[in-house]
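Below: the structure, in structure tokens.
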Amino acid sequence: MEMLTIGAFANACRLSPKALRLYDELELLRPARVDPETGYRYYAVAQLEQARLVAWLRRIGMPLARIRRVCALDDASAAQEIRAYWARVEAETAGRRELVAFLVNHLSYTPRKDTTMLELRYSALSDTGLVRPANQDTAHAGARVLAVADGFGTNGAPASTAAVEALKSLDGEPLPGGSVLNLLEDAVRGAARAVQDATPGKDDGTTLTAMVWTGSQLGLVHIGDSRAYLLRDGELFRITHDHTMVQSMVDEGRLTPEEAVAHPQRALLLKALTGGADSVVPDLRLCDALPGDRYLLCSDGLSTVVADEELRRLLGSAPAPDAAVRSLVEAAIDAGGPDNVSCVVADVVEADGGQRLG
């Protein structure tokens, strides 16, 4: 058996002698022979392939404990494990990217120069649809909090209710814009704890898409595949990013948006609040509100069956939020109503001395 010294082996596999000694101690990559007199390590040429795999996995940031598991697998299983690891890395990176964008917007925000007082007019509606036996969605529209949660699993309904109820405490008092980041973080932690208390199973959970009104801005919290849209000057903008496996494949260029619509795993979530979940990093965003803005929060029971152009038309033609939510739910039902459907619509208007429903 052809042997290489630790120095020659390190040069060949692009791992330092120091790293090789560490991997020996961790039983990740043991030398083929250790000189009993000098303690000098020798490696077989046949070990180069495994050493290079270890080096590549370290370059993508995989922890050593997980590398050990990958190296013990056959090629097909190892490929699947690496794919799963990288999907999680990308999901976490996307969350951090949203947080960076939030911080940049938050620190760059210039208060409105005019003194126009703004308020929200809002309405919420949820429907079981035509196929599901029960409604696991929860929708809420209040003076400060707008929220949609889409539960899944046996305890999906308690999960979605718990997540939304955890945010309702923010409905009571005016919220200063400068502290909204901390408030949103605390709210998500509270929602996560509430979901864990309500759902004993790790396969039960909920999405959560919510907005908190400060009087001039809307702070957005987003986890899962419910969505938030903004209708401004007749144009519709989606302001959330789906946390799904299919969306990640679209982002990577492996699927087109058209292919994603019909993909059999389009509902597979990469991020959600669940009974057994570790801490979840939400997407956070701060939106500067303008008079005439109309916001839509909805579960995927609407967005998967009603195209964006139709959403734009319905939102643009409804005179008030209550009419808008009715027309949106009716559109989902007319499209077959395959899932629970929930909508919250809120208009930003100049204050006229009191809060009014649509």
| query | Yes or no on side chain to side chain contact (heavy atoms under 4.5 Å, CB included) for Leu311 and Leu236, after CA distance, side-chain angles and deciding distance? | reply | CA-CA 8 Å; Leu311 292 180; Leu236 185 67; 3.9 Å; yes

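- The existence of a salt bridge linking Glu165 and Lys168 is confirmed by a sub-4.0 Å separation between a basic side-chain nitrogen and an acidic carboxylate oxygen.
- Between the side chains of Ser303 and Asp300, no donor-acceptor pair of N or O atoms lies under 3.5 Å.
- Side chain of Ser77 to main chain of Asp74: no donor-acceptor pair is present (N/O by atom type, distance under 3.5 Å, no hydrogens or angles).
- For Tyr229 against Cys298, the heavy-atom pair with the smallest separation is CE1-SG, 4.0 Å.
- Taking the side chain as every heavy atom from C-beta outward, Leu315 and Leu328 approach each other to under 4.5 Å.
- Taking a cutoff of 4.0 Å between a charged side-chain nitrogen and a carboxylate oxygen, Arg144 and Asp171 do not qualify as a salt bridge.
- A salt bridge is defined here as a Lys NZ or Arg NE, NH1 or NH2 lying under 4.0 Å from an Asp or Glu carboxylate O, and Asp347 with Arg121 fails to meet this definition.
- Salt-bridge annotation for Arg68 and Glu27: absent, with no side-chain N of the basic residue lying under 4.0 Å from a carboxylate O of the acidic one.
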| request: Apply salt bridge (charged side-chain N to carboxylate O under 4.0 Å, His left out) to the pair Arg313 and Glu310, showing each step before the final yes or no. | output: CA-CA 5 Å; Arg313 187 188 71 79; Glu310 181 66 3; 2.7 Å; yes

| task | I would like to know whether Gln217 and Cys287 meet side chain to side chain contact (heavy atoms under 4.5 Å, CB included); could you show each step before the answer? | result | CA-CA 6 Å; Gln217 297 172 290; Cys287 305; over 6 Å; no

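- Taking the six-membered ring for Trp and thresholds of 30 and 60 degrees, His243 and His222 have ring planes inclined between 30 and 60 degrees apart.
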| request: Would you sort out whether Leu118 and Val349 count as a side chain to side chain contact (heavy atoms under 4.5 Å, CB included), showing the intermediate values? | output: CA-CA 6 Å; Leu118 301 176; Val349 300; over 6 Å; no

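- Remark: the backbone N or O of Gly153 is paired with a side-chain donor or acceptor of Gln136 at under 3.5 angstrom.
- Smallest separation of non-hydrogen atoms from Asp137 and Ser299: OD2-OG, 2.9 Å.
- Of the charged side-chain nitrogens involved, at least one lies within less than 4.0 Å of a carboxylate oxygen, so that Asp186 and Arg189 count as a salt-bridged pair.
- A side chain to side chain contact (heavy atoms under 4.5 Å, CB included) with Ile239 is found for exactly one of Thr209, Leu218, Leu230, namely Leu230.
- Clustering ILVMFWY residues whenever any of their side-chain heavy atoms sit less than 4.5 angstrom apart, transitively, puts Leu170 in the very cluster that holds Ile223.
- Note on Arg227 versus Asp242: salt bridge recorded, some NZ/NE/NH1/NH2 to OD/OE distance being below 4.0 Å.
- Cluster membership check: Phe152 does not share its hydrophobic cluster with Val195, using side-chain heavy-atom separations under 4.5 Å among Ile, Leu, Val, Met, Phe, Trp and Tyr.
- A chain of hydrophobic side-chain contacts below 4.5 Å, direct or via other Ile, Leu, Val, Met, Phe, Trp or Tyr residues, connects Leu48 to Leu57.
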